[in-house]
Amino acid sequence: MPRDHKTPLIKKIAKQACITYRVLKSSADLAVSQSELIPLLTAVRAADLKIAPRKSKPCSGAAGLQSPPVTYMHICETVVFSMGMFLLRPGASIPLHDHPDMNGNLRSC
């Protein structure tokens, strides 16, 4: 649920991400633009995405085995940026890897 009746935080993040990554002329431009994006990312909560942690432990057996350790939640995509969230079960991890010629912002909750 958004914090107020104004623009939802996710829309604010998308708008600033578009501004941040539209034209990158130098690393100084990126640093200034990211300085406006990072506080928005820091403020996001699970409720802003309408997600909540499980209230009960997952079932063991066949049902428990079907639940993946990592799930990807697509939020939006434009020609400038893609926004999504990885949801990790406790103890799960994503291997360190490279995305050449891409910038990214990560936040863990």
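Please read these numbers as outputs of a predicted model, since none were measured by experiment.
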*asked:* On a heavy-atom basis, which atom in Arg89 and which in Pro68 lie closest, and how many Å separate them?
replied: CD-O, 3.7 Å
*Of the non-hydrogen atoms in Ala92 and Pro69, which two are nearest, and what is the gap between them?*
CB-O, 3.4 Å
*To the nearest 0.5 Å, tell me how far Lys15 NZ sits from Thr7 OG1.*
7.5 Å
_Non-neighbouring partners of His74 that pass side-chain hydrogen bond (donor to acceptor under 3.5 Å, both in side chains), sequence neighbours left out_ = none
*Phe86: which other cluster members, linking ILVMFWY side chains closer than 4.5 Å, directly or transitively?*
Val70, Tyr72, Leu88, Ile94
*For Leu9 and Arg45, what are the C-alpha separation, side-chain angles and deciding distance, and is it a side chain to side chain contact (heavy atoms under 4.5 Å, CB included)?*
CA-CA 9 Å; Leu9 181 57; Arg45 301 173 303 179; over 6 Å; no
Please list, one pair per line, the donor and acceptor atoms closer than 3.5 Å that link side chains of residues 33-43 to other protein atoms, with sequence neighbours excluded.
{"residue": "Ser33", "atom": "OG", "partner": "Thr20", "partner atom": "OG1", "Å": "3.0"}
{"residue": "Gln34", "atom": "NE2", "partner": "Tyr21", "partner atom": "OH", "Å": "3.1"}
{"residue": "Ser35", "atom": "OG", "partner": "Val32", "partner atom": "O", "Å": "2.5"}
{"residue": "Thr42", "atom": "OG1", "partner": "Ile38", "partner atom": "O", "Å": "2.9"}

_Where Cys76 and Phe81 come nearest, the two heavy atoms and their spacing_ = SG-CE1, 3.8 Å
*Yes or no on side chain to side chain contact (heavy atoms under 4.5 Å, CB included) for Met85 and Ile51, after CA distance, side-chain angles and deciding distance?*
CA-CA 11 Å; Met85 175 178 280; Ile51 59 174; 3.9 Å; yes
_Cluster companions of Ile19 among Ile, Leu, Val, Met, Phe, Trp, Tyr (side-chain spacing under 4.5 Å)_ = none
*Spacing of Lys11 atom NZ and Asp48 atom CG [to the nearest 0.5 Å]*: 13.5 Å
*Rounded to the nearest 0.5 Å, what's the gap from CD1 on Ile75 to CE on Met73? Could you check?*
5.0 Å
